[in-house]
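First comes the structure, then the notes that go with it.
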Amino acid sequence: MNQEIADTAPQLDTAIHNFSVLLSSTPRGARLARLLAADQLRKWELPVEAASHVVAELAANAATHGRLPGRSFRLTLYVVGSTLRIEVTDTRGDRRPKLQEPDADAESGRGLLLVDALADRWGVTEGRFPRKMIWAELCLPQPEPAPAT
């Protein structure tokens, strides 16, 4: 970037954070997604608990239902303003997730219910075939103002 452009470029009031990683579509890859997301959120000094649960559920779904042999899934996190967006992209665009109530005695099927409860918004976006992206957004709490002295 030349000096003139650098000196006149508009300055943003808030930082834009982003993180993206490609992981194997396996249970190990899903666990790693949760661990990496939690670590990144701590580095950004953001709340970890709700977001790591959302990442865990979306990554587990990608590794279980969005899996094609030899294909990976991508985890992307980014923060713009006061919103954390979590995206998990897999290669099974033909399998769209549906929010549904599982049977009371079912051992699985509650992941999207958890995502729906924890996220402020979530949805599915079709990517270039055969991909799909499941995203969730969490509104971040505003930082406490510094005490007046």
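Residue numbers run from 1 in the order of the sequence given. All values below were derived from every heavy atom in this structure, side-chain atoms included, with hydrogens, water molecules and symmetry-related copies excluded.
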Regarding Asp90 and Lys132, does a basic nitrogen lie under 4.0 Å from an acidic carboxylate oxygen? yes
I need the Arg34 CZ to Asp39 CG distance, nearest 0.5 Å. 12.0 Å
Going by heavy atoms in the side chains, are Ser72 and Leu23 under 4.5 Å from each other? no
Can you tell me how far the CG atom of Leu41 sits from the CG atom of Leu84, to the nearest 0.5 Å? 6.0 Å
Could you walk me through whether Leu140 and Thr83 pass the side-chain contact (heavy atoms from CB on, under 4.5 Å) test, one step at a time? CA-CA 6 Å; Leu140 300 169; Thr83 301; over 6 Å; no
Could you state the interatomic distance from CG (Leu22) to CG (Leu75), rounded to the nearest 0.5 Å? 10.0 Å
Pairing residues for Ser24 by the side-chain hydrogen bond (donor to acceptor under 3.5 Å, both in side chains) criterion, not counting sequence neighbours: Thr26
Minimum heavy-atom distance between Phe73 and Val88, given as atom pair plus value: CD1-CG1, 3.8 Å
Using a 6.0 Å cut-off, check whether atom CZ of Arg28 has over 12 heavy atoms from anything other than its own residue. no
Connected via hydrophobic side-chain network under 4.5 Å: Val115 and Leu113: yes
So how far is it from Trp135 CH2 to Thr125 OG1, rounded to the nearest 0.5 Å? 6.5 Å
Between the main-chain N or O of Tyr78 and the side-chain N or O of Asn18, is there a donor-acceptor pair closer than 3.5 Å? no
Evaluation steps, side chain to side chain donor-acceptor pair (under 3.5 Å), between Arg74 and Ser20: CA-CA 7 Å; Arg74 178 171 297 280; Ser20 187; 2.9 Å; yes
Do you know the tightest heavy-atom contact between His53 and Leu118? CB-CD1, 3.5 Å
What distance do Leu138 atom CG and Ile86 atom CD1 have between them, rounded to the nearest 0.5 Å? 5.0 Å
Might you work through the side-chain contact (heavy atoms from CB on, under 4.5 Å) test for Ile16 and Val79, ending with a clear yes or no? CA-CA 6 Å; Ile16 299 174; Val79 178; over 6 Å; no
Test Leu32 against Val21 for side-chain contact (heavy atoms from CB on, under 4.5 Å), laying out the working first. CA-CA 10 Å; Leu32 187 56; Val21 63; over 6 Å; no
Measuring from atom OG of Ser52 to atom CD of Gln40, what distance do you get when rounded to the nearest 0.5 angstrom? 13.5 Å
Is the shortest distance from a Lys or Arg side-chain nitrogen in Arg85 or Glu87 to a carboxylate oxygen in the other one below 4.0 Å? yes
Using 4.0 Å as the upper bound for N to carboxylate O, is an ion pair formed by Glu126 and Arg96? yes
